[in-house]
Peer 1: 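I have a structure I would like to understand better, so I am pasting it below and will then ask my questions one at a time.
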2 protein chains.
Amino acid sequence: MTTATPRRSFREQMLDVRQEAILQATSQLLCQKTFAAMTMDDVADAVGIAKASLYKHFSSKDDLCCAAVVQMLAQVRAYLEALEPEAAPLDKLRAVVGWSLERLLAQEIPEWPGSHSPLRTMLREHQDCLSEWGPVSQCLEQWITAAQQQGALDAALPPRVVLHILYARACDPAVGFLQDAGQYDDTEIVQLVLRTCFDGLAAR
Amino acid sequence: MTTATPRRSFREQMLDVRQEAILQATSQLLCQKTFAAMTMDDVADAVGIAKASLYKHFSSKDDLCCAAVVQMLAQVRAYLEALEPEAAPLDKLRAVVGWSLERLLAQEIPEWPGSHSPLRTMLREHQDCLSEWGPVSQCLEQWITAAQQQGALDAALPPRVVLHILYARACDPAVGFLQDAGQYDDTEIVQLVLRTCFDGLAAR
DNA sequence: GTCTATATGACGATAGAC
DNA sequence: GTCTATCGTCATATAGAC
């Protein structure tokens with residue numbers, strides 16, 4: 001299944017390792033700071049190399065952060081594909097949102113591009129980055145439609161709307177508010193957000 | 001009821017007008033840009049005065065944005081107090097969230113302080129700013145409890161949790177996503193977010 | 001390719017004339 | 001109090017030695 005990868009020289013492998021380290025440091029920093037607040041000095045210090053060396057791997061800050069986001073999207077795709085294909089679509093949707101929230105709380109996932117965030121406007125311009133979203137959205141939308149046909153999701157809502165709501169829940173500001181309140185641990189927060197997302201606030 | 005305000009000289013009134021213009025421009029800019037992305041030059045240009053003049057009114061960027069947020073909170077309080085006292089608590093809660101979303105869509109309300117936003121950490125340090133939140137939260141929490149007692153809201157959820165969820169919905173990233181999708185007008189977006197917030201995504 | 005050192009530009013804040 | 005002009009600082013990005 002996997003295409004044969006040509007053997008790489010030691011030198012090239014070293015570069016790959018370093019590149020990977022840079023990406024990981026970037027992802028981690030993007031969890032703690034905003035895209036605007038994160039500096040190239042931060043990244044260089046975290047990796048332990050000179051700032052100038054960064055620019056041998058990535059031509060700009062935008063480029064670097066784009067690559068970090070693409071890497072995150074790849075992880076999402078991997079998670080989607082690893083889910084039990086036979087499971088109920090609704091359960092898979094809950095699982096994905098829950099997984100995202102857990103990683104958000106653990107600061108293992110970069111800032112999701114919110115409404116007017118500079119990261120979002122930056123991503124707009126890099127099309128290779130945007131194109132990674134397609135397969136993810138397509139997969140989720142299929143599950144949404146299936147769940148609606150099974151009567152597990154409100155069929156009156158357009159699938160695209162549900163998709164956007166789920167994206168929003170995957171980076172829900174409520175998580176930060178509940179975390180700051182300090183009354184709940186991470187697991188409880190995930191459960192609360194999932195519950196209010198799918199069941200709503202109203203008495204049933 | 002109102003305390004007698006001493007008469008102000010023309011000069012003082014001019015200053016007040018200018019101060020108000022600065023605050024309004026700041027609020028408007030904070031709708032379009034992040035706190036970090038908004039510059040004092042932006043504000044000065046929008047008002048049509050020199051940047052140095054800003055510092056005669058507000059001692060720093062933090063100070064200015066704090067004042068803008070306080071002004072926004074005052075508007076929220078005014079809206080809360082203007083709501084029909086006899087109305088059902090649940091309806092009042094829906095109304096407040098809907099009002100916030102409408103103003104968010106119209107870009108008439110500053111960026112709400114999200115999870116790790118620099119604005120949020122900035123507000124932490126200015127206590128006069130934070131103290132404005134108290135009355136708003138107190139009022140909302142009373143309505144939440146009342147709605148739960150009437151069986152209109154899920155009584156199994158702690159009121160504080162409902163409060164934080166509502167705050168999150170009032171600045172829901174879903175609004176931006178749906179707006180970018182371009183398929184729905186503002187009124188529809190508000191209705192969709194309100195519906196999925198209170199009723200959830202699951203079929204009832 | 002990696003480093004030190006620096007160019008370039010943006011932003012917050014201030015000085016000083018009027 | 002308002003302006004023009006400028007300082008100090010920090011961040012992106014680059015130059016040039018090794």
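The chains referred to below are lettered A, B, ... by the order of the sequence lines, with proteins before strands, and numbering in each begins at 1.
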Peer 1: Reckon B:Ser53 has a side-chain N or O less than 4.0 Å from the OP1 or OP2 of D:dG1?
Peer 2: no
Peer 1: Tell me what A:Lys61 touches on the nucleic acid: a base, only sugar-phosphate, or nothing, going by heavy atoms under 4.0 Å.
Peer 2: sugar-phosphate
Peer 1: On the nucleotide C:dT2, are OP1 or OP2 found under 4.0 Å from the side-chain N or O atoms that A:His57 carries?
Peer 2: yes
Peer 1: Between D:dG8 atom C1' and B:Met40 atom CE, what is the distance in whole Å?
Peer 2: 17 Å
Peer 1: Taking any heavy-atom pair under 4.0 Å as a contact, classify B:Met14: base, sugar-phosphate, or nothing.
Peer 2: nothing
Peer 1: Relative to the 5' end of DNA chain D, which residue comes earlier, A:Asp41 or A:Lys56, by the nucleotide with the nearest heavy atom?
Peer 2: A:Asp41
Peer 1: With a 6.0 Å cut-off (strictly less than), is the heavy-atom count around CZ of A:Arg103, excluding the residue itself, greater than 12?
Peer 2: yes
Peer 1: Atom CG of A:Asp45 and atom P of D:dT12: how far apart are they, to the nearest Å?
Peer 2: 12 Å
Peer 1: Can you check whether B:Gln71 reaches B:Glu20 side chain to side chain, under 4.5 Å on heavy atoms?
Peer 2: yes
Peer 1: If you compare every side-chain N and O of B:Arg18 against the phosphate oxygens of D:dT2 (OP1, OP2), does one of them come in below 4.0 Å?
Peer 2: yes
Peer 1: How are the rings of A:Phe177 and B:Tyr167 set relative to one another: parallel (under 30°), tilted (30 to 60°) or perpendicular (over 60°)?
Peer 2: perpendicular
Peer 1: When the distance from OH of B:Tyr55 to C1' of C:dC11 is rounded to whole Å, what number comes out?
Peer 2: 8 Å
Peer 1: Consider the side chain of B:Ala50, meaning its heavy atoms from C-beta on, and name the nucleotide among D:dT4, C:dG12, C:dT2 that approaches it most closely.
Peer 2: D:dT4
Peer 1: So, is the end of the B:Lys61 side chain (NZ or CZ) under 6.0 Å from the ring centre of B:Tyr55 and within 45° of the ring's axis?
Peer 2: no
Peer 1: Which whole-number value in Å describes the distance from B:Lys51 NZ to D:dC3 C1'?
Peer 2: 13 Å
Peer 1: Are the side chain of B:Gln32 and the backbone of B:Leu29 linked by a donor-acceptor contact shorter than 3.5 Å?
Peer 2: no
Peer 1: Is any side-chain nitrogen or oxygen of A:Thr39 closer than 4.0 Å to OP1 or OP2 of D:dA11?
Peer 2: no
Peer 1: Rounded to whole Å, how long is the line connecting atom CG of B:Leu54 with atom P of C:dC11?
Peer 2: 14 Å
Peer 1: From CG of A:Leu64 over to P of D:dA13, roughly how many Å is that when rounded to an integer?
Peer 2: 10 Å
Peer 1: Where the side chain of A:Ala52 is concerned, which of C:dA13, D:dA15, C:dT2 is the nearest nucleotide?
Peer 2: D:dA15
